Amino acid sequence: MSIATQIKHFATTLPQGVQLIAVSKTRTAEEITIAYNAGQRLFGENRVQELVAKHEHLPKDINWHFIGHLQTNKVKDIAPFIQLIHSVDSMRLLKEINKEGLLQQREINCLLEFHIAKEESKFGLNVEEACSILASPDFIEMKNVKVCGVMGMATFTVDVDQQRLEFNKLKTIFMQLKSQFFVSDAGFKEISMGMSDDYKVAIEEGSSLIRVGTAIFGDRT
Ligand SMILES: *Cc1c(COP(=O)(O)O)cnc(C)c1O
């Protein structure tokens, strides 16, 4: 299926409350423009340099999400425009985002990334680390970051039960943090989970943001 057909297919079939992030890493401006012209406005990138260049050259009403591992010294490059950073995995990074948010006089939306997969290589916090961040006076004083929810990546596997287990784990973490730290905060509402191969299971398990690349743009070379 073509890029435009895929975008329209997602737009008409996604359940209410689930948003599609078109993961455009490695894709050309032409490919992104096809998706844009089909109505897509939410795009995800995982490299700062590539994102900054695309932000400069593509329409200004695109909502850019950062989904890759973020180094503290790169935060300043995306702080002026980023809509949501999915990959906060340390207090140090959160402090840096807050600092750059203050300089830009904006509040930067973030998700806490959790390690839910079996692979060791994937980044992310565990629940204890997240609770200690959220309970800390340093965090409570931060005025220029807004924690909007959680993000995770499931194990790369064809075992649907395993995927489901891991997505369910992330949903449970979300609900625990919600009740412990964000009960009266309607802005804590996002669960970013699900990619091309597992987004259907992720949606069944409560995803609000799916991050899909290959299923829209085809295989990455
Ligand atoms: C590349 C990437 C995706 C999209 O992967 P596809 O399999 O192409 O859908 C989703 N999330 C993250 C964090 C990624 O790096």
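The shown structure was predicted, so the numbers you read here are calculated from the model rather than taken from an experiment. Atoms within a ligand are numbered from 1 in the order they appear, just like the ligands themselves. Quick note: residue numbers are just sequence positions, from 1.
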Quiz item: Does ligand 1 have an atom that lies less than 4.0 angstrom from a heavy atom of His86?
Solution: no
Quiz prompt | atom 10 (C) of ligand 1: the protein heavy-atom neighbour that sits closest, reported with distance to 0.1 Å | solution = Met195 SD, 3.4 Å
Quiz item: Any idea which protein heavy atom is nearest atom 9 (O) of ligand 1, and the distance to it?
Solution: Ser196 OG, 2.5 Å
Quiz prompt | Candidates Ile3, Val212, Ile7, Thr26 - the one meeting side chain to side chain contact (heavy atoms under 4.5 Å, CB included) with Phe217 | solution = Ile3
Quiz item: With ring centroids as reference points, do Tyr199 and Phe10 lie under 6.0 angstrom apart?
Solution: yes
Quiz item: Which residue and non-hydrogen atom of the protein lie closest to atom 8 (O) of ligand 1, and at what distance in Å?
Solution: Thr214 OG1, 2.5 Å
Self-check item: Main-chain N/O of Ile67 paired with Asn46 side-chain donor or acceptor, under 3.5 Å
Solution: no
Quiz prompt | Between Gln163 and Thr157, a side-chain donor and acceptor under 3.5 Å | solution = no
Quiz item: Charged N to carboxylate O under 4.0 angstrom, Glu107 versus Lys143?
Solution: no
Practice problem: Just jot down the ligand 1 atoms closer than 4.0 angstrom to any heavy atom of Gly213, in number order. | Solution: 4 (C), 6 (P), 8 (O), 9 (O)
Practice problem: Assess the side chains of Gln176 and Gln180: does a donor N or O sit below 3.5 Å from an acceptor N or O? | Solution: yes
Practice problem: Within a distance under 4.0 Å of any heavy atom of Val212, pick out the atoms of ligand 1 and give their elements. | Solution: 9 (O)
Quiz item: For atom 4 (C) of ligand 1, which protein heavy atom lies nearest, and how many Å away is it?
Solution: Arg211 O, 3.6 Å
Quiz prompt | Closest approach of any protein heavy atom to atom 12 (C) of ligand 1, naming residue and atom | solution = Ile67 CD1, 3.5 Å
Exercise. Indicate whether any N or O donor in one side chain lies under 3.5 Å from an N or O acceptor in the other, for Ser87 and His69.
Key: no
Practice problem: List the closest protein heavy-atom neighbour of atom 15 (O) of ligand 1: residue, atom name, distance to the nearest 0.1 Å. | Solution: Lys25 NZ, 2.7 Å
